[in-house]
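Okay, structure first, notes after.
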2 protein chains.
Amino acid sequence: MHSVIEKPTGSDVARLAGVSKSAVSRAFTGGVVSEEARKRILEAARLLKYRPSNTARSLTTRQSRMIGLAVTSLDNQFYPEVVEKLSDRFARAGYRLLLFVTHGEADLDPVLNELLGYGLDGVVLASSSMASQVAAECREAGVPVVMFNNVDPDGVQAGVSSDDEAGAALVARYLLASGHERPAVITGLGQSSSSVRRLRGFQYELARAGRARARASSGDYTFSGAFEVARAWIEGPSPPDALFCVNDHMAIGALHAVHHRGLTPGRDISVIGFDNVSIAHWPLLDLTTLAQPLEGMIEATVALLLKAIASNTMPTTQEALTGKLVIRGSARRAPGITREASGEETWAD
Amino acid sequence: MHSVIEKPTGSDVARLAGVSKSAVSRAFTGGVVSEEARKRILEAARLLKYRPSNTARSLTTRQSRMIGLAVTSLDNQFYPEVVEKLSDRFARAGYRLLLFVTHGEADLDPVLNELLGYGLDGVVLASSSMASQVAAECREAGVPVVMFNNVDPDGVQAGVSSDDEAGAALVARYLLASGHERPAVITGLGQSSSSVRRLRGFQYELARAGRARARASSGDYTFSGAFEVARAWIEGPSPPDALFCVNDHMAIGALHAVHHRGLTPGRDISVIGFDNVSIAHWPLLDLTTLAQPLEGMIEATVALLLKAIASNTMPTTQEALTGKLVIRGSARRAPGITREASGEETWAD
DNA sequence: CATGGTTTTGCAACCGCTCCCAGTCGCGCT
DNA sequence: AGCGCGACTGGGAGCGGTTGCAAAACCATG
């Protein structure tokens, strides 16, 4: 436990290299310096183990090279994937993520103050709770924001998501095509745009096909919530013959309820999710699900944000990428769809 | 897309409130200001939507209120849990996490430069690859580091982990107590301290009981790696009757291989993991596993780091907390251990 | 050798905040 | 009235960089 040493500064390097600190700065920022000087400077820096302070740099350049990422919770398997991919993609562009794991706290002022205090270059809101309000505040403070997997109801904040309604409609059509009579849907939180849009797309498609509205109940975006809803329905009178869950995390909960009652998914009752998280392909789950075009969403998000940062403007585009239905074993197959050797395939009508 | 507005500075607030910028600073940092002035300042700040710049503040105080967190990959379910808990715990202490998702890149210099350039107050290395070297560099640069779930072979870097050897030994004893004859172990990467220590603890215990060394092979810390190892063993001559995987992620892969061959875990062959990730209790997995004392580990990590920061010294303590074996269905039970109503319990001999 | 152009260089002024220091002010005493 | 004291206050010097600008150095020319 020895006390900390003094960090070398640019002036130290300058002195050692026999140049001015401007030269040092230029050497490190790709400015114009004679080859001769640059070499001396780099050597001096190496000797001193000097690294320019990002903090000081941020102060003058007004760029922190940090992106704030807000997520509600990482136990929905979808989000770790998002975090990892965003992190990788932003890292490639020279940005790092500052993490804000929120838990739907009532008072978002403190978080907001922090978010904005850090001088972030941009913010990605992958959290569903209160995202719109936070987005509005950031935008007002001049920080570019893009909402991820969630759309601003007022249509003003930029965002990237998949086409929830179309996706859910595709699920509905698939379910109908495979002869289901009484589909039901397990929704997420009421405030969540993706939940309501997926439900809406599903119901709309049913209506279009002349079917009755599907029963719907909230699983609160949790495993156990979905489990309970599914179980209650299965045990109740006239159980549904298909369960569409607005995300995979809940679909897995529903799957468990099905097994819990000794039924077999895909035979006795169908379960379909939304997201296509990476574990959905585990044979034990073998979940048929609407795959979000994750790569594309990440790419779009990063592009949107970087463009906004570069142009010093507020992003405003709303993108909705279309996903695919990936067919696995948890839902009865539509005619013509058989399990291939590879185990899965996609479906489009 | 309108251009960004000028952010208000402390001087703006000072002017509006009719005080000096020192007063504004004091008002925001809990310094001494008359009640009267404080009120005017806060009001002015509210009007201007002023938030002190963390960047500027960091420059003078030499504290960024940011902790670097390096993780190798988030698809091992254990790590999202770690990230979330660390984030929560540090947030409570007023720190935010800057995320570094590494992928075992060969050249860690760039990452290092970044890590150290951000002026982090501390670093947590939850990544296994190269952790020791990174730790050494950080320490040399005067940044407190603690290694998480991984211990420095040279014993110089501070770290918190669970007692890997004791845990693995407990697993071995349990397997023996439940009558297994040919346990085998699926290890992780060779460089990973937890992998080698868990293997060592397991083998040591076997030896102590007068048994032959267990067969061991690497699953590379991946699902598919573990799947393949397990499958090859099961299909080969004299298959093991128990599979100890050095983490749950691989145990789940092994579990799949077992099912794949039409066998039932816990009856035909036992599978035991290490970590007790939250999904391990899913009935479909029902994984018997050595639970890492996660809460305790998080708490210890945060405490260690905060203490180091506060005292401006380098942490040096190595803590190894002891975990428990949680009994579920994936491994044949030892005599006297029956499934309770609750479904799981712990075991200690 | 003076000339003009092109590099290369260092000075100094910030960036927005903290914090030391030297006041200023009001107040109760003697 | 003069004094000492404590509570507040503002000035200003940094923190470690970046950057505009003018001066210096260099380099061919004519």
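First the proteins, then the strands, lettered A, B, ... as listed; each starts at 1. Hydrogens, waters and symmetry mates are skipped; everything else that's a heavy atom, side chains included, is used.
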### Task
With a 4.0 angstrom cut-off to heavy atoms of chain A, pull out the first and last contacting nucleotide of DNA chain D, in 5'-to-3' order.
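Contacts span D:dG16 to D:dG20, reading 5' to 3'.
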#### Entry: Close residues, residues 30-45 of chain B, relative to DNA chain D [heavy-atom separation under 4.0 Å]
B:V32, B:V33, B:S34, B:A37
#### Entry: Positions of residues 114-123 of chain B (non-hydrogen atom under 4.0 Å from DNA chain D), listed by number
none
### Task
For B:N150, enumerate each residue passing the side-chain contact (heavy atoms from CB on, under 4.5 Å) test, keeping only those at least two apart in sequence or located in another chain.
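Once residues adjacent in sequence are excluded, the partners of B:N150 under the side-chain contact (heavy atoms from CB on, under 4.5 Å) criterion are B:S128, B:M147, B:S193.
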Under 3.5 Å donor-acceptor pairs involving side-chain atoms of residues 21-38 of chain B, not counting sequence neighbours:
{"residue": "B:T29", "atom": "OG1", "partner": "B:S25", "partner atom": "O", "Å": "2.7"}
{"residue": "B:S34", "atom": "OG", "partner": "B:A37", "partner atom": "N", "Å": "3.1"}
{"residue": "B:E36", "atom": "OE2", "partner": "B:R40", "partner atom": "NH1", "Å": "2.6"}

Least distance between heavy atoms, [X] atom then [Y] atom:
{"X": "A:S132", "Y": "A:P153", "value": "OG-CD, 3.3 Å"}
{"X": "A:Q63", "Y": "A:I309", "value": "OE1-CG2, 4.1 Å"}
{"X": "B:L125", "Y": "B:A131", "value": "CD1-O, 3.3 Å"}
{"X": "B:R65", "Y": "B:A93", "value": "NH2-O, 3.9 Å"}

### Test side-chain contact (heavy atoms from CB on, under 4.5 Å) applied to A:L120 and A:V123, step by step
CA-CA 7 Å; A:L120 302 169; A:V123 169; 4.1 Å; yes
### Query
Going by the salt bridge (charged side-chain N to carboxylate O under 4.0 Å, His left out) test, which pairs reach into residues 89-100 of chain B, not counting sequence neighbours?
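Salt bridge (charged side-chain N to carboxylate O under 4.0 Å, His left out) check on residues 89-100 of chain B returns A:E114-B:R96, B:R89-B:E299.
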### Query
Among pairs that include at least one residue of residues 66-79 of chain B, which meet salt bridge (charged side-chain N to carboxylate O under 4.0 Å, His left out), considering only residues two or more places apart or in two chains?
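Found none.
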Under 3.5 Å, side-chain donor or acceptor atoms of residues 47-57 of chain B against the rest of the protein: list the pairs with distances, not counting sequence neighbours.
{"residue": "B:R51", "atom": "NH1", "partner": "A:N113", "partner atom": "OD1", "Å": "2.3"}
{"residue": "B:S53", "atom": "OG", "partner": "B:T55", "partner atom": "N", "Å": "3.2"}
{"residue": "B:S53", "atom": "OG", "partner": "B:A56", "partner atom": "N", "Å": "3.0"}
{"residue": "B:N54", "atom": "ND2", "partner": "B:S64", "partner atom": "O", "Å": "3.4"}

#### Entry: Nearest-0.5 Å distance that lies between atom CG in B:L98 and atom CD1 in B:I67
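Those atoms lie 10.5 Å apart.
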### Message
Could you check whether A:S192 and A:Y221, counting side-chain N and O atoms only, form a donor-acceptor pair closer than 3.5 Å?
### Response
yes
### Side-chain H-bond candidate by donor/acceptor type, A:S161 with A:N149, under 3.5 Å
no
### Task
Would you work out how much the helix from C:dC1-D:dG30 to C:dT30-D:dA1 bends between its ends, with each end axis defined by five base pairs, to 10 degrees?
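It comes to 60° between the two terminal axes.
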### Task
State which residues pass salt bridge (charged side-chain N to carboxylate O under 4.0 Å, His left out) with A:K85; sequence neighbours excluded, sorted by chain then number.
A:E295
### Task
Name all pairs fulfilling the ring-ring contact (aromatic ring centres under 6.0 Å, His included) condition that reach into residues 114-156 of chain B, sequence neighbours left out, sorted by first residue then second.
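Pairs touching residues 114-156 of chain B that pass the test: none.
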### Message
For a quick check, with a 4.0 angstrom heavy-atom cut-off, what is the B/S/- contact string for nucleotides 13-18 of chain C, read 5' to 3'?
### Response
--BBBB
